[in-house]
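Scope of the values below: all heavy atoms of this structure, side chains included, with no hydrogens, waters or symmetry mates.
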Amino acid sequence: MLLRAARFVAAGIVLTICASACGSHAAPPAGDRSRFTVDSPPPATFTPSTDGPAGLTFPVDAYRATASQSLAIENATQILIARCAKQFAVTVPVQLRAIEPVLSYRHLYGVTDPAEAQRWGYQVPPGQAPAAPAAAEAEPVSRDDMTVVSGWPQGRIGDPAHPPADLVRNGRKVPVGGCRGEATRTLGLRANENPQESPTVRGIADSASHQAQADSRVTGAYQAWSQCMKDRGFNYQSPWEPIDKVWPKPTAGEETNTAVADVACKKKVDLISIWHGVEVAYEKVLIQRNLTTLTEEKKRFDVIAEKAAKVLAEGA
């Protein structure tokens, strides 16, 4: 797995959330673009993190669900799905996670650690890759039972905007969206909503990342990095190119040599400080523009987390 996205990590456990890097090639959200577009480059401050990229933070992080809230929502959802399925004589295994996720931007800007670059090139080092599914998730549920869990015949999901409303199992009507849909509605989540961040948080993170990478301060740093790489014998126009390249397995000299040069050139031209500083500047502008919505959404997530805590207190 290549170094491509920041993620919530804890002892190798990865929850379903990406930070800004996931939107590194994404355009600003469709719809009301004025909410997520900055007309002119905002002033930026370039302050290197004392802990490197792992110690970076972003202003929009304050509006995400906390680590404990994310864990509670995930575990409560499992319990509610299992409770609902039991009404249809369907057993859905529940295995609650005990480790809170940690928001890490360690690989947000690709490889930055010289030792990791020398050993692993552009691959994710062991222990930092997404973990295998938990035992409860890995345990098979039959196709017929997936009808109850998902709300779609045999779990074959179609257009999310038009879920079936007439499914019956064991003489009982299956909830729209199945037991998963009922669980999310019970907690107060919207259909297909990410339980760790609101659409506005996602929009700000994606848009700030996209606009920062088009900003002349960042593109200038890209050019300086590219020239540094060229001076070392490597021809790449942007830091994403060697990350996205298909490298032969196992990791070998060409990949590790490129990665080591990549790290050295990022440090030489201060790429990470510039990139991060510009992205933060765009986030600050977008946060102010969307502050009322962000505050309301954060309050709603706090209420959802409280409901999740009550479900956990009741138990499976």
Determine, using the 4.5 Å side-chain heavy-atom cutoff (strictly less than), whether W120 and L108 are members of one ILVMFWY cluster. no
Are F301 and V311 connected into the same hydrophobic cluster when the rule is that any two of I, L, V, M, F, W, Y join if their side-chain heavy atoms are below 4.5 Å apart? no
Hey, what do you get for CD (Q78) to CD (Q95), rounding to the nearest 0.5 Å? 8.0 Å
Looking at R202, E283, K284, which hits side-chain contact (heavy atoms from CB on, under 4.5 Å) with V60? E283
With a 4.5 Å heavy-atom cut-off, do R169 and V90 have their side chains touching? yes
With a 4.5 Å cut-off on side-chain heavy atoms, are Q288 and P59 touching? no
Would you sort out whether L291 and Y63 count as a side-chain contact (heavy atoms from CB on, under 4.5 Å), showing the intermediate values? CA-CA 10 Å; L291 189 57; Y63 299 94; 3.3 Å; yes
When hydrophobic residues are tied together by side-chain contacts of less than 4.5 Å, even through go-betweens, does I243 share a cluster with V260? no
Is a side-chain N or O of T184 found less than 3.5 angstrom from the main chain of G181, in a donor-acceptor match? yes
For residues T251 and Q123, is any side-chain donor paired with an opposing acceptor at under 3.5 Å? no
Checking N170 side chain against R172 main chain: does a donor-acceptor pair fall under 3.5 Å? no
Is it true that the side chains of T200 and S198 contain a donor and an acceptor less than 3.5 Å apart? no
Which ILVMFWY residues can you reach from W152 by hopping between side chains whose heavy atoms are under 4.5 Å apart? I157
Restricting to non-hydrogen atoms, name the atom on C84 and the atom on E182 that form the minimum distance, rounded to 0.1 Å. SG-OE2, 3.7 Å
Is there a donor-acceptor contact under 3.5 Å linking the side chains of T292 and E296? no
If you measure from CZ on R106 to CG on L56, what distance do you get to the nearest 0.5 Å? 11.5 Å
Decide yes or no for R156 and R143: does some side-chain heavy atom of the first lie under 4.5 Å from some side-chain heavy atom of the second? yes
Hphob cluster co-occupancy, L80 + V176, side-chain heavy atoms under 4.5 angstrom: no
Rounded to the nearest 0.5 Å, how far does CD of Q154 lie from CG of D145? 10.5 Å
Side-chain donor or acceptor of N290 paired with backbone N/O of R35 under 3.5 Å: yes
On a heavy-atom basis, which atom in P195 and which in A65 lie closest, and how many Å separate them? O-CB, 4.1 Å
Does the side chain of R190 come within less than 4.5 Å of R300's, by heavy atoms? yes
K299/D302 ion pair, N-O < 4.0 Å: no
Kindly assign one of parallel, tilted or perpendicular to the pair Y122 and W247, based on the angle between their ring planes and the thresholds 30° and 60°. parallel
Going from CH2 on W275 to CZ on F46, what distance comes out if it is rounded to the nearest 0.5 angstrom? 14.0 Å
Verdict with supporting geometry, V263 and D113, side-chain contact (heavy atoms from CB on, under 4.5 Å): CA-CA 7 Å; V263 172; D113 182 90; over 6 Å; no
How about K267: does its NZ atom have over 12 heavy atoms from other parts shown lying under 6.0 Å from it? no
Side-chain contact, heavy-atom cut-off 4.5 Å: L167 with P153? yes
N75 to L312 - nearest heavy-atom pair and separation: CB-CD2, 3.6 Å
For G315 against I79, the heavy-atom pair lying closest together: O-CG2, 3.8 Å
Taking the side chain from K268 and the backbone from A224, do they hold a donor-acceptor pair closer than 3.5 Å? no
I need the C228 SG to Q223 CD distance, nearest 0.5 Å. 14.0 Å
Cluster check F88, M146: I/L/V/M/F/W/Y, side chain < 4.5 angstrom: yes
How about S207 and L286: do any of their side-chain heavy atoms sit closer than 4.5 Å? yes
Does V303 sit in a hydrophobic cluster with other residues, and if so which ones, taking ILVMFWY side chains as linked at heavy-atom separations under 4.5 Å, directly or through other members? none
For a side-chain contact (heavy atoms from CB on, under 4.5 Å) check, start with the C-alpha distance between Q211 and T37, then their side-chain angles and the critical distance, and finish with the verdict. CA-CA 8 Å; Q211 291 171 89; T37 303; 4.0 Å; yes
Looking only at the side chains, is there a donor atom on one of Y105 and D61 sitting less than 3.5 Å from an acceptor on the other? yes
Is any side-chain heavy atom of E74 closer than 4.5 Å to a side-chain heavy atom of L71? yes
Aromatic rings H276 and F58: how do their planes relate, parallel, tilted or perpendicular, breaks at 30° and 60°? perpendicular
Begin with the C-alpha distance, continue with both residues' side-chain angles, and end with the deciding distance and a verdict on side-chain contact (heavy atoms from CB on, under 4.5 Å) for R83 and E314. CA-CA 11 Å; R83 283 184 193 170; E314 295 167 357; 3.1 Å; yes
Heavy-atom check, side chain of Y282 versus side chain of S209, under 4.5 Å: no
Taken to the nearest 0.5 Å, the spacing of I304 CD1 from L189 CG works out to 4.0 Å
Identify the heavy atoms of I73 and A305 that sit nearest to each other, and give their distance. CG1-CA, 4.3 Å
Heavy-atom nearest pair, D215 first then P41, reads OD2-CB, 3.4 Å
With side chain to side chain donor-acceptor pair (under 3.5 Å) as the rule and sequence neighbours excluded, what pairs involving residues 224-234 come up? W225-D262, Q227-D231
